[in-house]
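A quick note: this is a predicted structure, and the numbers were derived from the prediction, not measured.
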Amino acid sequence: MSLPYSIVNPLTRIEVVRHLPLSGKILVHVEDPVQPLQNVAEMTQPPDFRIVDLGKELRVPPKKAQEYLQVKVGVRVAKGQILASRGGMGGSVCKAPFDGIVTGYGRGRLLLEALPSLVQLNALVPGTVVQVIPGKSVTIETRGAFIHGAWGNGKEGYGVLQLVAKTARHVLRAKRLDASAQGAIIIGGASLDNEALDQAVEMQVQGIIVGGISPAMIPRLLT
């Protein structure tokens with residue numbers, strides 16, 4: 001994937017809009033100074049529901065699934081907790097996919113409701129609040145370099161930029177990533193491979209900027 005041109009402004013005025021996915025609470029006001037890791041808005045995530053098919057997971061008829069239940073309706077469960085277990089040769093277990101409450105059971109299926117969670121939105125950049133839309137968004141004005149990329153995975157990160165490639169033509173290799181890359185946004189060369197991506201995850205890198213990627217890597221980069 002390539003663009004017919006590049007947009008690179010070395011120093012310019014930038015407005016960063018931070019949107020809440022749902023209506024929530026704005027924590028700052030116009031003209032407030034903010035820092036990258038400062039929370040500027042928050043909301044309560046609506047409960048998630050999941051139907052767990054015990055019969056399918058345990059490979060038993062739905063009518064027999066109840067015999068293997070290890071939880072009751074109304075109890076709170078933790079992520080990874082065993083919901084049902086069938087021992088013996090070829091046995092299997094069914095675990096909770098998240099922290100939540102068992103809200104129902106019937107026909108070999110459990111209904112789980114996730115616990116409410118607080119979603120906090122960081123400023124991501126240092127700057128000044130120039131606009132607030134109550135319950136929805138915050139616009140922050142800052143100064144910096146603006147680079148328009150061809151593709152991104154939609155995730156957000158904040159960190160010090162660190163150049164790790166020798167030249168723009170070099171492929172980013174795992175050996176170029178050491179402990180100094182932890183928490184940084186790294187700038188590689190022409191591309192990267194799976195080994196380098198594994199190393200970046202291990203080093204808790206906050207972001208990767210390279211000249212291009214193989215389409216086969218996109219599923220991994222989206223997770």
Distance check, rounded to the nearest 0.5 Å: Thr103 atom OG1 versus Leu112 atom CG? 7.0 Å
What is the distance from atom CG of Leu124 to atom CD of Gln35, rounded to the nearest 0.5 Å? 12.5 Å
Determine yes or no for a side-chain-to-main-chain donor-acceptor pair under 3.5 angstrom, with Asn153 supplying the side chain and Leu222 the backbone. no
Can you confirm whether Val171 sits close enough to Arg173 that some side-chain heavy atom of one is under 4.5 Å from a side-chain heavy atom of the other? yes
Distance-minimising heavy-atom pair for Val40 and Ala123: CG1-CB, 3.8 Å
Find out whether Val28 and Val138 are in side-chain contact, i.e. whether some heavy atom of one side chain is under 4.5 Å from a heavy atom of the other. yes
Distance from Thr167 atom OG1 to Arg169 atom CZ, nearest 0.5 Å? 4.5 Å
When hydrophobic residues are tied together by side-chain contacts of less than 4.5 Å, even through go-betweens, does Ile185 share a cluster with Ile147? no
Can you list, pair by pair, the side-chain donor-acceptor contacts under 3.5 Å of residues 202-209, counting residues two or more places apart and other chains?
unit_1: Gln204; atom_1: OE1; unit_2: Gln182; atom_2: NE2; d: 3.1

Looking at Ala65 and Gly108, what are the two nearest heavy atoms and their distance? CB-CA, 3.9 Å
Ile133 CD1 to Thr139 OG1 distance, which is reported to the nearest 0.5 Å: 6.5 Å
First locate atom OG of Ser85, then atom CG of Leu54, and finally report the distance between them rounded to the nearest 0.5 Å. 11.5 Å
How close do Val17 and Ser137 get, counting heavy atoms only, and between which atoms? CG1-CB, 4.2 Å
Using atom types as modelled, flag every donor-acceptor pair under 3.5 Å from a side chain in residues 67-77 to any protein atom, sequence neighbours excluded.
unit_1: Glu67; atom_1: OE1; unit_2: Lys64; atom_2: NZ; d: 3.4
unit_1: Glu67; atom_1: OE2; unit_2: Lys64; atom_2: NZ; d: 3.4

Can you tell me how far OG of Ser117 sits from CE of Met43, rounded to the nearest 0.5 angstrom? 8.0 Å
Please check if the number of heavy atoms outside Glu15 that lie under 6.0 Å from its CD is greater than 12. yes
Would the distance check show the side chain of Thr142 and the main-chain N or O of Ile14 forming a donor-acceptor pair, the cut-off being under 3.5 Å? no
Verify the cluster assignment for Leu163 and Leu197: are they in a single hydrophobic cluster under the rule of side-chain heavy atoms below 4.5 Å apart? no
4.5 Å side-chain heavy-atom contact, Arg13 and Arg143: yes
Mind checking side-chain contact (heavy atoms from CB on, under 4.5 Å) for Asp198 and listing every partner two or more places apart, or none if nothing turns up? Arg220
What's the shortest heavy-atom distance between Leu172 and Ala196, and which atoms? O-CB, 3.4 Å
In terms of hydrophobic clustering (I, L, V, M, F, W, Y; side-chain heavy atoms under 4.5 Å; direct or indirect links), are Leu58 and Leu110 co-clustered? no
Kindly indicate, with the supporting measurements, whether the criterion side-chain contact (heavy atoms from CB on, under 4.5 Å) is fulfilled by Tyr158 and Asn122. CA-CA 10 Å; Tyr158 164 79; Asn122 293 340; over 6 Å; no
Cluster overlap Leu20 with Val132, hydrophobic side-chain contacts below 4.5 Å: yes
Heavy-atom side-chain proximity of Gln120 to Leu118 below 4.5 angstrom: yes
Do His29 and Val129 come within less than 4.5 Å of each other through their side chains, counting heavy atoms only? no
For the residue pair Ile186 and Ala181, what are the closest heavy atoms and their distance? CG2-CB, 4.1 Å
Co-membership, hydrophobic cluster, residues Phe146 and Val130, 4.5 Å side-chain: no
Locate the shortest heavy-atom distance separating Gln162 from Ala184; write the atom from each residue and the value. OE1-CB, 3.8 Å
Is it the case that over 12 heavy atoms from other parts of the model lie below 6.0 angstrom from the CD atom of Gln66? no
Kindly check if the number of other-residue, nucleotide or ligand heavy atoms within 6.0 Å of CD1 (Ile51) is above 12? no
Is there a donor-acceptor contact under 3.5 Å from the side chain of Glu57 to the main chain of Cys94? no
Determine, for Asp53 against Arg109, whether the closest basic-nitrogen to carboxylate-oxygen distance falls under 4.0 angstrom. yes
